[in-house]
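Let me begin by presenting the structure, written as structure tokens, before commenting on it.
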Amino acid sequence: MNGRWVVCAAVGVLCGYLSGYVIGHTRTNYAVVVHDGRASLFGSGPAAAAVVAALIAVAVVLVLGRFRARYLVAVAAGLAGLATVVAIAAMQSAGTWSQDWVLGSIGAGLLAAVAVSRPEGQVWFVAGSVIAVLYGARIDASAAVMRRYADYAPSGTVPDLPESWPLLVAAVIALLAAGFVIGRERIEPVTDHRAVVVGAAIPMVVGALILVVGRLPGKPSVTVAVLAVVAAVAASWWLPRADGAFTLTMLAVAAVIAVDPSVAFGPDRVGVSIQVGVLLLGALVATVARSAGMPATGTWGPVAGIGLLALVASTGLAPASATLTEAAYRFVLPAVIGSAVGSCLPVAPTTVLGLSVFPVVALLVENSRVGTEFGWTAYLPDTYEIARNPTAATIAATVVITGCAALMLLLRRVSPVRTSVG
């Protein structure tokens, strides 16, 4: 590890978290489908924001690589994205402008682009964005200071961002430090056309699904989940082996997030800090092991990570497993996600960006989570409650994750060792 690695990691995790925070706070519209007397919901707001942000980031990365721009240009783009997000939040806080999710998504896309343009930052971008998906709402709730009754009603917008001003300052410092340390280095172009196609195609397919999902019969979340699995499997088989392994890993991560009963409720501020720390520690250990050239990380690391994800998901099937499920999702899951992702990266930046929509969409899959209430009832105590997911959903997630591990083994046997990094 050196100074370059440190600044790239800082930029990655901070920009990943802030971009995920903005996407997660996009106002949600629901597609409602009534089937057999039962209504199904699919929240399209955050997913649409994730799609726009991914496409913007892919375009920026391709342009920077095409002209082999210096990293200083990427830093400038990141600062512009940060300024856009802060400006939107400030105007909303003042009550002078309603949320413009498109501009917020553009800002998030610029932050994502600068985070993944260096290979060293990719692991930390994914880690930061997953932290925003899994723990952003509870971090927000633990940091916010309620001043009046109406503040307890969730708004689903970005004005809460000023509460995280230390992160904003840290992001500015990290970007400036990166510009100083590696600003003169060139950004390498993406040379594999398959990574470019997948990086742009996955967000566009998800965006198309969002537009039509309200008109489809049955459960929208099931439709999206099935098509996402098919698309990810096809992409993993077509991509170079490293990118394919990362695709299967992100599909497995999305599957376990979709049935995670701990997203809405969880431990207090100290507990959330432990979860975040465990996830980052898992990513750090896997990254160091991979950098050291340990054989197990390159061959069996991703397979082991996906296998552990399947084990975590299967805890929801054990009888009377509330305590077991709580421990698995509270502490084991973040460590496994961090180590699984760290063992697969770096790959082509466009692949990372295209797959970044998976965790966001996974949160929208319908399950038995308790809905958010308004008024004083929206203030949740610092307790951890297990909202058991339907058995069918847990079985489906476990099967999908196990299938990802099997496909990973198959890819190792039939694909030559190739990479599309750069």
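One-based numbering along the sequence shown. No hydrogens, no waters, no symmetry mates; every other heavy atom, side chains included, goes into these values. In this text the structure is predicted, and so the values were computed from the model without any measurement.
Here Ile306 contributes atom CD1 and Cys404 contributes atom SG; the two are 5.5 Å apart, rounded to the nearest 0.5 Å. To the nearest 0.5 Å, the span separating CG on Leu18 from CD1 on Ile23 amounts to 11.0 Å. Within the model, atoms CE of Met204 and CG of Leu209 stand 12.5 Å from one another, a figure rounded to the nearest 0.5 Å. Put simply, CZ on Arg118 and OH on Tyr71 are 7.5 Å apart, with the number rounded to the nearest 0.5 Å. Atom OG1 of residue Thr351 and atom CG of residue Leu239 lie 5.5 Å apart, to the nearest 0.5 angstrom. Between the CG atom in Leu55 and the CD1 atom in Ile106 there is a gap of 11.5 Å [rounded to 0.5 Å].
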* To do: Would you please test Leu284 and Trp124 for side-chain contact (heavy atoms from CB on, under 4.5 Å) and show each step?
  => CA-CA 9 Å; Leu284 178 62; Trp124 305 105; 3.8 Å; yes

* To do: Give the intermediate values and the outcome of salt bridge (charged side-chain N to carboxylate O under 4.0 Å, His left out) for residues Arg70 and Glu185.
  => CA-CA 5 Å; Arg70 296 187 186 276; Glu185 296 186 11; over 6 Å; no

* **Val332 vs Leu308, side-chain contact (heavy atoms from CB on, under 4.5 Å): CA-CA, chis, key distance, verdict** => CA-CA 9 Å; Val332 178; Leu308 290 173; 5.9 Å; no

* Take Leu110 and Val114 through the test side-chain contact (heavy atoms from CB on, under 4.5 Å) and record every step on the way to the result. => CA-CA 6 Å; Leu110 292 174; Val114 67; over 6 Å; no

* Let me see the working for Val172 and Leu168 under side-chain contact (heavy atoms from CB on, under 4.5 Å), right down to the final yes or no. => CA-CA 6 Å; Val172 172; Leu168 300 174; 5.8 Å; no

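Although no hydrogens or angles enter the test, the distance criterion places a donor-acceptor pair under 3.5 Å between the side chain of Gln275 and the main chain of Arg330. Side-chain atoms of Arg68 never come within 3.5 Å of backbone atoms of Arg186 as a donor-acceptor pair (strictly under, hydrogens ignored). No donor-acceptor pair under 3.5 Å is formed between the side chain of Arg4 and the backbone N or O of Ile182. Put simply, the side chain of Arg194 gets close to the backbone of Trp238: a donor and an acceptor are under 3.5 Å apart. No donor-acceptor pair under 3.5 Å is formed between the side chain of Thr350 and the backbone N or O of Val58.
Contact between Gln122 and Val116 at its shortest, heavy atoms only, is NE2-O, 3.6 Å. The nearest pair of heavy atoms linking Leu14 to Ala174 is CD1-CB, 4.0 Å. Nearest heavy atom pair, residue Met408 against residue Ala245, reads SD-CB, 3.3 Å. The two atoms that bring Val190 and Ala195 nearest to each other are CG1-CB, 4.3 Å, heavy atoms only. Looking at every heavy atom in both residues, Pro334 comes nearest to Tyr329 through CD-O, 3.7 Å. Closest of all the heavy-atom pairs between Ala112 and Ala57 is CB-CB, 4.0 Å.
Every residue two or more places apart in sequence or in another chain was checked for a side-chain hydrogen bond (donor to acceptor under 3.5 Å, both in side chains) with Arg184, and none qualifies.
Of the candidates Leu311, Val253, Leu309, Leu309 is the only one forming a side-chain contact (heavy atoms from CB on, under 4.5 Å) with Val336.
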